[in-house]
Amino acid sequence: MQFQPHRPSRILLPVRMSWVWVSFVVALVLNFVPSRQIPAMPDFVALVLAFWCIQEPLRVGMGAAFIFGLFTDIGHGSAMGQHALAYILLAYICGAISRRLLWFRPATQALQMLPLFLMAQVVMLGVRLLAGAEFPGWSYFFSAFATALLWFPIHYVLLLPQMQPIDRDENRPL
Amino acid sequence: MSVVGHQPPPFFNRGLPPAARLTLYLTISVALLVGDLRFHYMETVRKGLTVLTYPMQIVASTPAEWVHRTLDYFSSLSQLQQENQALRNRSLNDAKRLVRQEALETENKQIRELLGMRERTGVRGIAAEVLYTSRDPFARRVILDRGERDGIEPGLAVIDGEGVIGQITRIFPLQAEATLLTDKDQALSVKVVRNGLRAVMFGAGNGMLELRYLAANADVDPGDVIVTSGLDGVYLPDLPVAKVVRIDRDDARGFARFLCQPVAGVEKSGAVLVVGRAATPPPNPTASEPAEAAKPVQAGRAGRAAARREKH
């Protein structure tokens with residue numbers, strides 16, 4: 001692994017919280033798309049949540065995780081608190097490792113995020129198995145891999161508004 | 001929230017430390033989980049919050065519905081012809097039976113009147129279509145394209161051309177969620193056609209069903225047809241449910257394992273009928289009621305109600 005502590009990085013504009021909430025709502029809608037037939041459907045809310053917990057650990061944390069976890073539970077028709085529990089743990093760990101993780105490039109970050117997404121899934125699996133549900137099959141875990149793969153593109157999509165220059169140039173929008 | 005390793009100075013008061021907040025939130029969500037899974041207290045909360053999530057669900061599912069319908073539209077001509085032929089044959093077969101059934105129903109009504117028995121409750125049905133499978137991978141549920149607006153209520157039975165496939169468990173304004181028979185938590189009051197033996201049927205988890213709480217020497221054979229008993233006051237009586245395929249009689253335990261294969265296309269999607277009783281059955285007689293209220297005609301009903309109470 002190539003470690004580049006002094007690689008040149010862009011100085012980003014401060015994040016607008018309205019953009020954060022919009023991204024959460026879009027992720028929630030994407031999560032509600034009926035896609036049981038697709039085996040590896042990424043968990044968009046977990047992805048966006050982990051991203052903002054790492055990027056803005058002082059503003060997005062376990063409160064957002066709880067609220068959006070509950071909404072996901074209701075939309076999916078799963079047990080109340082199942083996603084909330086997994087997302088809270090995810091948000092806590094992401095907040096704790098954010099300073100370290102931001103040193104890495106997005107691709108390397110994705111590799112380190114994979115165990116966290118897997119953990120979130122294992123937590124949900126454990127909760128439901130304890131409640132007496134049936135094991136949904138190993139393809140259940142594909143979702144975590146798909147989510148980690150999306151880490152790289154989402155990094156650029158979500159940071160796009162912050163990459164704009166302060167004084168707008170009509171000829172160079174970015 | 002403070003980041004681990006970077007404690008802010010005390011004059012920037014940021015509330016509880018992260019570990020404490022984690023504990024707090026974890027406690028709340030575990031309480032929610034227990035309240036929902038164990039005590040089923042959360043249905044009102046869920047219903048309230050659905051108001052917020054439902055528009056998003058509609059936004060998310062509408063394109064999927066379009067794709068589904070478009071694919072249906074472009075199904076090939078030969079396939080349609082085949083299906084048409086099969087349906088024609090079937091309707092001819094059914095017509096034969098329908099003609100006889102009308103006569104039989106009238107006859108049955110007359111005989112019941114003669115015997116002084118109560119009339120069978122009428123049936124009402126709403127045709128619906130299975131839109132998609134619910135996103136929760138731990139349960140077997142499907143979403144139907146009819147909802148509260150079309151008169152669907154929780155508890156109604158969902159059947160297809162062959163038999164029962166499930167039960168409505170949640171309703172939304174435009175859609176309804178049905179839990180399939182094969183879901184592990186879905187129970188159904190049934191009887192064996194051959195000898196009228198009553199039992200409770202549960203999903204076995206792998207697309208099969210099983211009869212539970214029957215003694216190891218119960219008179220059930222492979223090949224027996226199982227129908228709904230109608231005792232639960234929810235399902236109509238005598239809807240076909242399953243066929244017994246295998247029986248594991250283990251003398252060491254008091255119970256045998258009766259594996260059954262559903263007769264309806266439970267895991268397939270397509271057109272379904274949501275059926276219910278036209279009138280709700282009378283409430284269970286309570287213990288405080290005088291004993292003379294149980295006339296001979298109602299005795300059977302009271303006994304069934306008692307059986308139902310035992311089951312719960």
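Options A/G75, A/G137, A/G132 differ in how many heavy-atom pairs under 4.5 Å they form with chain B, and the most are formed by A/G75. Of the residues considered (B/L52, B/I143, B/D36), B/D36 shows the highest number of contacts with chain A, using heavy-atom pairs under 4.5 Å. Annotation: maximal heavy-atom pairing with chain B below 4.5 Å, among A/A65, A/G63, A/G77, A/G69, occurs at A/G77. Among A/V25, A/L28, A/I74, the residue making the largest number of heavy-atom pairs under 4.5 Å with chain B is A/I74.
Residue contact with chain A, scored on non-hydrogen atoms closer than 4.5 Å, is absent for B/L24. Interface remark: B/R38 contributes no atoms to any contact with chain A (heavy atom separation under 4.5 Å). Looking at A/F71, the atoms closer than 4.5 Å to chain B (heavy atoms on both sides) sit in the backbone and in the side chain alike. Interface remark: B/Y132 contributes side-chain atoms only to the contact with chain A (heavy atom separation under 4.5 Å). For A/D73, the part sitting under 4.5 Å from any heavy atom of chain B is the backbone (N, CA, C, O) and nothing else. Of the two parts of A/L30, only the backbone, made up of N, CA, C and O, holds a non-hydrogen atom closer than 4.5 Å to a non-hydrogen atom of chain B.
Annotation: A/F135, atom CZ; neighbour count of heavy atoms from other residues, nucleotides and ligands within 6.0 Å is above 12. Within 6.0 Å of CZ in A/R100 there are more than 12 heavy atoms belonging to other residues, nucleotides or ligands. Within a 6.0 Å sphere centred on CZ of B/R212, other residues, nucleotides and ligands contribute more than 12 heavy atoms.
Residues B/R135 and A/P34 approach most closely at CG-CA, 4.3 Å, considering heavy atoms. Across every non-hydrogen atom of A/A131 and B/L37, the tightest pair is CB-CD1, 3.4 Å. Closest approach of A/R128 and B/D136 over heavy atoms only: NH1-OD2, 3.0 Å. Across all their heavy atoms, A/G81 and B/L32 have their closest contact at CA-CB, 4.4 Å. Across B/S134 and A/H76, no two heavy atoms sit closer than the pair OG-O, 3.5 Å. Shown here for B/S29 and A/I88, the closest heavy-atom pair between the two residues is OG-CD1, 3.5 Å.
Residue B/L49 holds its CG atom at 6.0 Å from CE of A/M80, rounded to the nearest 0.5 Å. Rounded to the nearest 0.5 angstrom, B/T27 OG1 and A/L85 CG are separated by 10.0 Å.
A/L89 is listed as a side-chain neighbour of B/L26, based on a closest heavy-atom distance under 4.5 Å. Between B/M56 and A/N31 there is no side-chain heavy-atom pair separated by less than 4.5 Å. For the pair B/I58 and A/F32, the minimum side-chain heavy-atom distance is 4.5 Å or more.
Using modelled atom types, no side-chain atom of B/R21 and backbone atom of A/G61 make a donor-acceptor pair closer than 3.5 Å.
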